[in-house]
Amino acid sequence: MEIWQFFMQNWHQTLVLAWQHAWVVSISVIIAMATGVPIGIWITFNDEAAETILYIAGIIMTIPSIALFGIMIPILSIFGHGIGTLPAVVALVLYSQLPIIRNTYAAIKSVDPNIIDAGIGMGMTRRQVLGKVQLPMALSVIFAGLRVAVVMSIGIGAIAAYIGAGGLGRFIFSGINQTYGTMIKSGAIAVSLMAIAVDILFGCIENRLVSKGLRS
Amino acid sequence: MEIWQFFMQNWHQTLVLAWQHAWVVSISVIIAMATGVPIGIWITFNDEAAETILYIAGIIMTIPSIALFGIMIPILSIFGHGIGTLPAVVALVLYSQLPIIRNTYAAIKSVDPNIIDAGIGMGMTRRQVLGKVQLPMALSVIFAGLRVAVVMSIGIGAIAAYIGAGGLGRFIFSGINQTYGTMIKSGAIAVSLMAIAVDILFGCIENRLVSKGLRS
Amino acid sequence: GAAEKKLVIGSKNFTEQQILGEIMIQLLDSRGFKCEDKTGLGGTLVARKALENGQIDMYMEYTGTALVTILKENVITDPKACYDFVKKADLERNGLVWLPYMAFNNTYCLLMRREDAAQKKIKTLSDLSAFVKANPAKIRFGTNDEFYARPDGYKPLQKKYDFQFPEDKIVKMAPGLLYKALQDADLEVAMGFATDGRIKGMDLVILEDDLNYFPVYNPAPVTKKEIAAKYPELEKIFSELSAKLDTQTMTNLNYAVDGEHKPVKEVVAGFLKAAGLVK
Amino acid sequence: MIKFEKVTKIYSGNRTAAVNDIDLEVAEGEICVLIGSSGCGKTTLMRMVNRLIPITSGAIHIDGQNIMGMDVIELRRSIGYVIQQIGLFPHMTVSDNIATVPKLLKWDKRRIQARVDELLSLVQLEPAVFRHRYPRELSGGQAQRIGVARAMATDPPVMLMDEPFGAIDPINREVLQDEFLGIQEKIRKTIVFVTHDIHEAIKMGNKIALLDAGRMVQFGTPEALLTTPANQFVKDFVGADRALKRLDLLKVQDAMMKNPVHCHDSDQAEAIFRLMQEKGLNYLLVCDAQDQLLGYVNLRDIVDYSGSVGGRIKPMTLTVHPNSNLKEALSKMLSYDIGIVVAVDKDNKLVGILNTMTLAAVVGQTYDEQGGRWGKITAGGKIL
Amino acid sequence: MIKFEKVTKIYSGNRTAAVNDIDLEVAEGEICVLIGSSGCGKTTLMRMVNRLIPITSGAIHIDGQNIMGMDVIELRRSIGYVIQQIGLFPHMTVSDNIATVPKLLKWDKRRIQARVDELLSLVQLEPAVFRHRYPRELSGGQAQRIGVARAMATDPPVMLMDEPFGAIDPINREVLQDEFLGIQEKIRKTIVFVTHDIHEAIKMGNKIALLDAGRMVQFGTPEALLTTPANQFVKDFVGADRALKRLDLLKVQDAMMKNPVHCHDSDQAEAIFRLMQEKGLNYLLVCDAQDQLLGYVNLRDIVDYSGSVGGRIKPMTLTVHPNSNLKEALSKMLSYDIGIVVAVDKDNKLVGILNTMTLAAVVGQTYDEQGGRWGKITAGGKIL
Ligand SMILES: Nc1ncnc2c1ncn2[C@@H]1O[C@H](COP(=O)(O)OP(=O)(O)OP(=O)(O)O)[C@@H](O)[C@H]1O
Ligand SMILES: Nc1ncnc2c1ncn2[C@@H]1O[C@H](COP(=O)(O)OP(=O)(O)OP(=O)(O)O)[C@@H](O)[C@H]1O
Ligand SMILES: [Mg+2]
Ligand SMILES: [Mg+2]
């Protein structure tokens, strides 16, 4: 109830923050997908690179966001974007890599070799085997990774507030500093709602993309 | 070099914090595996529960750690453990659920139905089909989820410092507050090393557990 | 027409800083500047880096913080001396200009629950020292990492007052949680900030620093040399503000936000009007 | 006993039934072969027995008990199922694949190992070589045999075998069929067996059920299917050469003329010559005093020869064993242009003789109420 | 032309070679059938041709070019490969599976669709029913046929077919074989074809290569394999009834006696009676003035009958077409006990007659330098 009231009283700010949040997260997720999936695919061809890349992604995931920002501000300031949306997006993209890369890698590696064999035997290039056989068959596991990454991004998207990119994190951190439970909860609920909405969206996309022939 | 010096000067504290960190993370990971994998398995039997559970895990993952602690302190205070290791472990366990559950679910769901059919046709119970067919065949994808969860746990294990459970997060947060770069970097490096070590460990376990018959 | 007087205003992300940031924005806006709001940055590190790298033009830093954590100098307990030292050093070393400092002192303090303090008969830090010596097992102390580790923090404090919490009774956690933990009786004593509104809101008491240990933390707007040179009027604007922001006022402002959950903008607007700084 | 009662299966999304109103009884201890065109519902029918797919309507009983009332796990454990797609577990070694059910039943280790080796030998795979292989390291036929071994591991009383020998070469297949029939003779299992090979159907089946588009077209003994096909479809299915196929079912001893005309090596050539001329024979078989076949004599060779016929014998290699099947006998008969084949027992004793007429007498029908000769065929013969 | 030169393959971890020093030449436009026991290396040999597995030693040339020097993608695209394990893409519909390579080659949509429907009809599957099915909704034989269709999609000049019809019923298999041979007659592909069915091998192969344990045992025409098997293994492999199998290779017209003795319906019964008695015939075929077969007369029926024989004709149903194979003719012959079968052309004109002697004359060898009669078999005949 309080939370409802809070939203009523702060609807304008809520919308602005939610919009900022959604914006930062969407861009991040799109970039993260556009980088993580190809990297995950690429390392299936190269077992040595695989280890290295996965360790790097792992290390990145362990860097605390504040430290990451501390590293990024001087670098990105060169382009005049030391704070704001850009570093937030970079951070989210970096953090999303591990689940996306690792799942893409594991998914593609676990496609039935007999089926891949059929593709190769028909004269598919590596790229075609990937696009026509491995990816479609690995899709549901790749999506598992993407959905984890997306939900995680929306969650840690709150840190965008640290760096002046706004977002619902503002409610949460202000609420924490103020020990203002309603504000924290409102922020958290808004973030959760967004996460569920996006997860449902991804579920629908997954449903459309994953072949009916693979469902049992 | 500075970092090396820092470790030399603070080796005792480093060891203590690393030990605390490892302790909190290990317990969390063990509990997270022991809960997440069975939940992931269970929801393969129950598609409705699956959605709900996955949304809940998603929501949990979006709750900022500080907010989570804010919620937990009053609850766990009832048992006299409002702060310290317990809430840190609870938080890490909760955060790890999504990658573990989702990957377990996706992995089991994508096992070749013909092979499952063979198991069922031989008179295996559901549990046996799971244990003897689905799990062994899904293992590498399940491990992908576990490894993401473990690395993530080690990373966000730094937040244990927030709640008085110590760990390498102490170096990082103190360093941040003191704008003491060497300390931050030392903490981050220690955490990364731990993440890589544990990831390698999990890689070895995976290698031992995944059947040679599944490797191409 | 005249070129627009643009400034990017930052702040750290706790309540007092949000209020200070908002004050600067509203004040400067009323004096013909056009401010961009970049308040709420995630801590000293981020705000300072952002300033140094030109991502923000100005934010309020505390003299004690700058002295100890940024310039890595020894503690100075006199406000004026401290300010002068910082102003000079930061300009020389980093090319940053410290504008006039605010009257209030947001120093560290130790807090207890009011009834608990009364029951244990603890009013001053010397009382606490005596109590701890007598009952080392009966008291838990909460601090954030920063205070625990700072050269003007917990350890010298112990030395000064000659006491020591047993190591297992010291709990280090995030400042936002300390108050709650103290209120929930997970702690007996916690560090805090003197102007924090929650002290009032949660019915806590500040233990008196009877030996004058704590350093001073007066906030002052910090900006780059070039900006200060370009807009000399800033000096005057903030000196007007300086006297109006005493410890009591700041505590009240903090309480309005933290305790009464009023929006920062509204609180600041009310303050500036009441203080006659904007019409 | 497996009894299908008006069993129908319609896959969701399909307009036609995959299995349509099937009534069928597989008697205890018998092998019922299912044959029929591709997609006619054989696999579907089988998979309803162990409840891998639900029955749309109708009922299946095993030993009088409705399968829907049985514990599904026990039902399936009591049924060995050889899957058409083989379906080996890729993550298990050959040995673990075969041992799957024994392990579920917690047999002790030594027993399992012994059984695995026994089954591997049974399916003609060297245990030492194959025990530790993974499925991907097997050839198609080897994998199929492991599938059969796996299904037989616990000697279940009922077996469903979906084209179990389809990918195996003729020699190994025959060995497996014989081994399997040997086992079946001892432990009488109730078996449903799908094959596309009519010869296999005839050899393995006590009964054959021929399906078409989900319906039963004919159900009966192999003999009945070959001799009295129910309609053109059955005729087409068993093939234009169905009379020949019946020869698979029959033994030489069933068809041969016993005690054929012959002489002994001690007989005087002159007497035999006269006799042959009299009867219009050009050749005559010759035995010794123990009736062991020595060969034959040619009329030409004993003209003007005096002495016993023994001195003029030519060897006779076109012999068969009375236990061989008639197909083999016919083949031998055709290998040379003499139109007969001689049956001798294991002691080389002359026991019978076969020619095409005798074969036809067994498998064929009488064309005209009265036999007679069509006479010598005159190549390029003119109109009379 | 595919040429194998001393090709050897040893799988890592195996002690023995899966394919051992094989020399083989598959001529341009010919079908070479590989047969051999399960695990003898047929699949391995095939998969080396399209470089799915590396050759351990030796070389393979296609049209004179070493495959190792060719672009591997182009090599594989020019080869249609029917996989033993079928290997349909589970995530694609039947239509998409078949269209895989055409899509890779960017054929336009209409052309692809037309080709898919054409191929579905070719493999006897109704396009409207199966086009949009997923592999899991197919029976084993249906899936296999889709696999064949997929490999044929772009009409590649070379095909590797690993047991392409193994899971298909005899009727459909024969249709497919015939369709396939029809296509092969027009577009002469170079084909390597694995089968376990000797009949199929004989029917499909221009040449047959028999492998055992990785080595070539015999390579030659089907005829050669059946008539002059290289050793006991080959004999065992083609079966004891190999003479019968040769009948598959031959047509009635190759064996029949042309212009057999017969009379016309207008002939006078008395004259024919006398003639038959004279020649010792009990039956005689009767034709009309155009030489169309009317039936036969029985000696008994024309005793004391005056008039033309036309009034005493009995119908003759045991006829075959000169184009049928001898197996069928033999089977018909055995279906009734008269020992002959009559060949008539499509206008029912009498063209020939067959009996077992004529069959043996074609497939068999002369046993004795001089023909002769073994005489009527005397059942229970006593020693003379
Ligand atoms: N990946 C592999 N690793 C090790 N051995 C293998 C592998 N693949 C096949 N083999 C072995 O090589 C031999 C030849 O196998 P191949 O598949 O060529 O046989 P095949 O003639 O096709 O038999 P089938 O008729 O049963 O399909 C077999 O003994 C098999 O066990
Ligand atoms: N899951 C399914 N969904 C829809 N139709 C199916 C499904 N499975 C099988 N069918 C159809 O049902 C019919 C019977 O299939 P079934 O597998 O029983 O055939 P079969 O007799 O075993 O054929 P084969 O000899 O080719 O293995 C086929 O026409 C097939 O297309
Ligand atoms: Mg089937
Ligand atoms: Mg093979």
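Residue numbers begin at 1 in each chain, while the letters A, B, ... track the order of the sequences. This one's a predicted model, so the numbers in the text were calculated from it and none came from an experiment.
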Under a 4.5 Å heavy-atom cutoff, which of [options] has the most pairs with chain B?
options	result
A:Gly157, A:Ala57, A:Pro64	A:Pro64
A:Arg147, A:Met152, A:Met137	A:Arg147
A:Ala149, A:Gly58, A:Gly155, A:Gly203	A:Gly155

For the residue pair A:Ala106 and B:Ser140, what are the closest heavy atoms and their distance?
CB-O, 4.1 Å

Looking only at heavy atoms, the pair that brings B:Val151 and A:Met61 closest together is CG1-CB, 4.1 Å

Mind checking the [atom1]-[atom2] spacing from [X] to [Y]? Nearest 0.5 Å is all I need.
X	Y	atom1	atom2	result
A:Asn103	B:Asn103	CG	CG	4.0 Å
A:Ser110	B:Ile142	OG	CD1	10.5 Å
A:Thr62	B:Ile154	OG1	CD1	8.0 Å

Can you name the residues of residues 185-196 of chain B that have some heavy atom under 4.5 Å away from a heavy atom in chain A?
B:Val191, B:Ser192, B:Ala195, B:Ile196

How would you list, in number order, the residues of residues 35-52 of chain B that have a heavy atom less than 4.5 Å from chain A?
none

I need the contact set between residues 95-102 of chain A and chain B: heavy-atom distance under 4.5 Å, sorted by residue number.
A:Leu98, A:Pro99, A:Arg102

Which members of residues 163-172 of chain A, sorted by number, sit under 4.5 angstrom from chain B on a heavy-atom basis?
A:Ile172

Which portion of B:Ile200 sits near chain A, non-hydrogen atoms under 4.5 angstrom
both

